A.B. asks: 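Below is one structure. I have some questions about it.
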Amino acid sequence: MYCLSSAFSPKDPHGGSLPVSGGGLSEDGRFSYGYSSLCGKRTSMEDFYDARISKVDGLIVGLFGVFDGHGGSRAAEYVKHNLFENIVKHPKFVSDTKQAIAEAYKQTDSDYLKTEHNQYRDAGSTASTAVLVGERLLVANLGDSRAVLSKAGEDANASNKLLLGTAVALSTDHKPNRTDERQRIEEAGGVVMWAGTWRVGGVLAVSRAFGDRLLKKYISAIPEIQEEMIEDDMEFLVLASDGLWDVVSNQAAVTLVQSISDPEEAARRLCEEAFRKGSADNITCVVVRFHHERE
Ligand SMILES: *[C@@H]1O[C@H](CO)[C@@H](O)[C@H](O)[C@H]1NC(C)=O
Ligand SMILES: CC(=O)N[C@H]1CO[C@H](CO)[C@@H](O)[C@@H]1O
C-alpha cells in the first residue's frame with residue numbers, strides 16, 4: 001500500500017503527508033475515539049490500525065489497535081483484518097476477556113503463519129490493542145507500539161484546582177535488550193546483537209510480534225495484558241506506533257492531547273507533532289476519550 005496522501009496531495013506543505021483520519025462516539029456516550037495515520041518521510045505505508053465499536057451479547061465493546069508492520073505490510077494487514085474478529089468471537093470473550101485476548105493473539109499468529117507458508121520473505125507486525133468491555137479496559141501488547149493513559153490529578157499549587165493529566169504507560173515495549181526478553185531469547189538459543197540498535201539475531205528490533213516465521217523461536221506472539229477498571233480519573237488513552245514514541249515522550253503526548261476535546265483532532269495533532277519533530281517512520285495514533293458524569 002502506498003501513502004495515499006502523497007498520491008493525492010502533492011502540494012501538501014509537509015511534503016506529501018496529509019493524514020488520513022476519522023473517529024466516532026459510542027451510542028451510550030461513554031467514550032469517543034479518533035485516529036490519524038501519516039506516512040512520515042517514507043513512501044510506502046506499513047502502519048495499520050483499527051478503531052471501532054461493536055456489540056457482543058448486548059454489551060457495547062470498543063476495539064482499538066495499532067499494528068506496525070516490518071518486512072512488508074502483509075502481517076500488519078492480516079492482523080488488522082483478523083485479530084478483533086478472533087477476540088470477539090472467542091467463547092469466553094465476556095466471561096474471561098483476558099484469556100480470550102491471549103488465545104485470540106495466539107490463534108491469529110498461527111493462522112497468519114499458515115498463510116505465509118509459500119512466502120520467501122518474512123513479514124511481521126507489532127500490536128498495541130485496547131478492548132473496552134463495560135467498566136473494564138484491557139490493553140495487550142506485542143512489540144514497541146505503546147499504550148499510554150492520562151490520569152487526572154489536582155495540582156495542589158494551583159489556586160484554580162487545575163486538572164493535570166499524568167501519563168501512565170499501560171504497556172512496556174518488547175525491545176530485545178529488555179533484561180527479561182534478552183534472557184528468554186538466549187534461553188531459546190537466540191542472540192541479541194547491536195546493529196544500529198539492539199536486534200534479535202542482528203535483524204529484528206522488537207522481541208515479540210505477529211509473524212516473523214524465520215525467527216519465530218525467539219519472536220514470541222504471547223502478549224502482555226493489563227486489565228484496569230475504568231475510573232473517573234481516567235481521561236483518555238493514546239495508542240501509537242514507534243513513529244510517535246521515538247520523538248514524543250509519554251508525558252508530552254498526554255499534555256498535547258489534554259486540551260483538545262475532539263479525539264480525531266487530538267490524534268491528528270499528535271501525528272503532526274511527530275512529523276514536525278522529524279520522525280522518519282510511519283506514524284499512527286489512536287486516541288480514546290472516556291466521558292464521565294462530571295463532564
Ligand atoms: C536498551 O537499549 C537502548 C538503546 O538502544 C537503551 O536506551 C536502553 O536503556 C536499553 N535498555 C536496557 C534494559 O538495557
Ligand atoms: C511510509 C513509511 O514510512 N513506510 C515505511 C514504514 O515502515 C517500514 C519499516 O519501518 C518501512 O520499510 C516503510 O518504508
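Since the model is a prediction, treat every value here as computed from it, not as a measurement. Reckoned from all heavy atoms, side chains included, excluding hydrogens, waters and symmetry mates. Counting starts at 1 for both ligands and their atoms, in listed order.
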A.B. asks: Check S171 against A147 and note the closest heavy-atom contact, atom names and distance.
C.D. replies: OG-N, 3.1 Å
A.B. asks: Using side-chain contact (heavy atoms from CB on, under 4.5 Å) as the criterion, list what pairs up with A167, not counting sequence neighbours.
C.D. replies: V148, N250, Q251, V254
A.B. asks: Students should find this: residues with any non-hydrogen atom under 4.0 Å from ligand 1. What is the answer?
C.D. replies: N177, W194, T197, W198
A.B. asks: Examine R178 relative to W198 and say whether NZ or CZ is less than 6.0 Å from the centre of the six-membered ring and inside a 45° cone about the ring axis.
C.D. replies: no
A.B. asks: Thinking salt bridges, do R269 and E273 make one under a 4.0 Å N-O criterion?
C.D. replies: no
A.B. asks: Using the ring pair (Phe, Tyr, Trp, His ring centres under 6.0 Å) rule, take F290 and F236 through it: C-alpha gap first, then chi angles, then the decisive distance, then the call.
C.D. replies: CA-CA 6 Å; F290 303 104; F236 54 85; 8.7 Å; no
A.B. asks: Less than 4.5 Å apart, side chain to side chain, heavy atoms only: is that true for C285 and Y35?
C.D. replies: no
